There are 2 protein chains.
Amino acid sequence: MRTQVVTIHDVARAAGVSPATVSRVFNGGRVTPERAQSVQQAAAELGFAPNRLARSLRKQRSSVIALIIPDIENPFFTSLARGVEDAAQRTSLSVVLCNSDEDTDKERRYLEVALGEQMAGVIVAAASQDDTDLGPLIARGVPVVAVDRRPHEAEVDAVRADDQHGGEVATRHLLRAGYRRIACITGPEGASTSEERLAGYRAALHAARSEGIVADDAYVRHADFRVEGGRAAMREMLALPEPPDAVFVTNNLMTIGALDALAEVGRTPPGVGVLSFGDVPWASLVRPSLTAVELPSYELGRAAADLLLQRMEGSAAPLQTVVLRTRLQIRESTAGPVATD
Amino acid sequence: MRTQVVTIHDVARAAGVSPATVSRVFNGGRVTPERAQSVQQAAAELGFAPNRLARSLRKQRSSVIALIIPDIENPFFTSLARGVEDAAQRTSLSVVLCNSDEDTDKERRYLEVALGEQMAGVIVAAASQDDTDLGPLIARGVPVVAVDRRPHEAEVDAVRADDQHGGEVATRHLLRAGYRRIACITGPEGASTSEERLAGYRAALHAARSEGIVADDAYVRHADFRVEGGRAAMREMLALPEPPDAVFVTNNLMTIGALDALAEVGRTPPGVGVLSFGDVPWASLVRPSLTAVELPSYELGRAAADLLLQRMEGSAAPLQTVVLRTRLQIRESTAGPVATD
DNA sequence: CAAGCTGGTGAAAAGGATTTCACCCCCATA
DNA sequence: TATGGGGGTGAAATCCTTTTCACCAGCTTG
């Protein structure tokens, strides 16, 4: 039964050569120019398109790389994806995106697909520090780069931001602006970004203890990195006997939720200071404008892809972790409690 | 040379059966329970993971479906992607996302990948009405569904919104609110959504000609469906001798750009009416709140995936086009020119 | 008791490309 | 005139799984 529309054999027959020669024409083997010419022509006439499965099976390596991200609806990750794509663009590799939805089961399935499809490489922003198992891929020799989030023990190259430092700078800025009761809404326990940004916050508060600042765990909430989580956490803290006068939110979407919750009770920045880790999407429309730790999302993707490509070319350099700088962008939402309160 | 970590042969040998039996165990063939048991165990011990390439090659069909979208940074498409994923979730199929970036070359590459990788199905929001060639996929018998955008002549199932009707309702609303010089910023020529939303706008203006409304092509701009395009188009029209007093923008991102441009010259809705086709992301933060034609992005994805799954199960029903309703959500940005001007 | 199922099994072909290996031809060098 | 070498070529093996086909054993039915 003929199934594939046209195979390398058909082309070979049409051009009067062997399949091996056809293969060489398409893969840069040595072939006399005139023969190559007639193969090209036969292929064009028959509308030959190589079967990538057969090729990958034989070569033990496909020509697509997988990018696994935990939330496709978060502009941070889509921007990161653009960075990866643009880097891959200059090669013949295609990037496919997989959305794990912060769900380790879905993530595991995609990792299995990546392994089973013999993908040429994998870039992963891990859904979990502990449950993300990159072992099989690594054992199989597939290049893997962790981006943004760092899986716990895995022996992989990594590209991330200086989360702890960024968190510390952010919190220090809130203190300097005069806020006293600074809360923190961070992400799920187990995500490295959650933990490290929180650690930066704690470090800054700790350093300010001599000024009478006390760290209080009632002001710390773990949420889910989504809008709803931020909203719920903010509501809870607003209901405290002594609500915070500022909040450091460790991701962009939760910041949106927190702002919503504040608006519900008629409070707006900078009366309550609001500082976001990661730019809020289309922040230009938000009033007052938001102070944020700017996260180089695009560059994270770009750097991860570059690292992956190096490994795919066979670089045997020792494992590296690339840390990209964040930058505090000061705007109106942290102008200080006195100014308008 | 041993390359694949462990193959079906290894499992077969370990379990004392033939490879055929191992295959049957994993694919629901008839095998005596005890044999199946020992195969399972051997597979587990050896850490067997099937080679999906070999499987797909043999079966002439892989178990992933491709979703090709033109702008991964547009929340409309990421929401649509969620719809597709959720629908696919209940099957054993995986969804991979490809970002064509409104670039027909990139899109063509992804279509080639989908064909060459023998993907089980393709859902595509076409970058172009004319240059998107689904022919090879269709010829090969791969189920294809067009979503949101309709490629011109292609014989495929389609799922889309009632773009023209939505555009007409939107424009009528602006007229009724009292705006007289209503502009339209639409997408690239050649995208069906651009054209149809524009057609709706024109129809509404035409219907109102008896009230002294004149349609003027100086008030119609084609941009690129991105923030920058919207900003540039709005700036141009603000520089006209008689700038528009309202604008109907045919997608969410361009609306953001248009709002920016308005803010630059100190004008805000509803003094200038602003109406967006498609919700602006995280609109809750935008003041004044924006009137928008609500686009069922998630449901579009969902419906497209359902249709695709039907075809994959062999449905031979005639080609269908599913049209989903939009809904005008009236908010503050179109309260009328008199109210604040 | 013969004939016919039926369920379970393994050998081998198939799927389409790449790559190794042997070979041939032609030219340059000794 | 031999010998060596190198470029070009095709046959066949290879990648790993699924699936067909033939076969066998054990049962039921006429």
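Each chain gets a letter, A, B and so on, in the order the sequences are listed, and its residues count up from 1. Remember, predicted model here, so these are calculated numbers, not experimental data.
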- Task: Please figure out whether B:Arg55 or B:Gly16 has its closest DNA chain C nucleotide nearer the 5' end.
- Result: B:Gly16
- Task: Report yes or no: is there a donor-acceptor pair, N or O only, under 3.5 Å between the side chain of A:Arg58 and the base of D:dT14?
- Result: yes
- Message: For B:Val31 and B:Ala54, find the nucleotide of DNA chain C closest to each by heavy atoms; which residue's nucleotide sits nearer the 5' end?
- Response: B:Val31
- Query: What is the distance, rounded to the nearest whole Å, between atom CZ of B:Arg52 and atom P of D:dT18?
  - Reply: 11 Å
- Quick one: B:Asn27 CG to D:dC16 P, roughly how many Å, whole number? 17 Å
- Query: Rounded to the nearest 0.5 Å, what separation is found between the CG atom of B:Leu53 and the CZ atom of B:Arg55?
  - Reply: 11.0 Å
- Would you classify B:Arg24 as touching base, sugar-phosphate or nothing, given that sugar-phosphate means primed atoms plus P, OP1 and OP2, and contacts are heavy atoms under 4.0 Å? base
- Tell me whether the OP1 or OP2 atom of D:dG10 has a side-chain N or O from A:Thr21 closer than 4.0 Å. yes
- Message: Side-chain N or O of B:Asn51 versus OP1/OP2 of D:dC15: is the shortest distance under 4.0 Å?
- Response: no
- Message: How many whole angstroms separate atom CG of B:Leu57 from atom P of D:dT14?
- Response: 17 Å
- Query: Do A:Arg52 and A:Glu117 sit within salt-bridge range, that is, some charged N less than 4.0 Å from a carboxylate O?
  - Reply: no
- When we call it a touch if two heavy atoms are under 4.0 Å apart, what does A:Ser23 touch: a base, just sugar-phosphate, or nothing? base
- Item | Distance in angstrom units between B:Arg61 CZ and D:dT17 P, rounded | 21 Å
- Task: Compute the centroid of each ring, for B:Phe48 and then for B:Phe26, and state whether the two points are separated by less than 6.0 Å.
- Result: yes
- Task: Could you tell me the separation between the CD atom of A:Gln118 and the C1' atom of C:dA17, rounded to a whole number of Å?
- Result: 14 Å
- Message: To the nearest 0.5 Å, what is the distance between OG on B:Ser94 and CG on A:Asn99?
- Response: 12.5 Å
- Do we see a donor-acceptor contact under 3.5 Å between the side chains of A:Gln89 and A:Glu85? no
- Tell me which nucleotide among D:dG8, C:dG10, C:dG15 gets nearest to the side chain of B:Ser18. C:dG10
- Rounded distance (Å) that lies between atom P of C:dG16 and atom CG of A:Leu46: 15 Å
- Item | Whole-Å gap separating P (C:dG8) and CD (B:Glu34) | 11 Å
- Figure out the CZ/C1' separation between B:Arg30 and D:dT18, and round it to whole Å. 18 Å
- Remember a base hit wins even if backbone is also touched, and classify A:Val17 as base, sugar-phosphate or nothing at under 4.0 Å, heavy atoms. sugar-phosphate
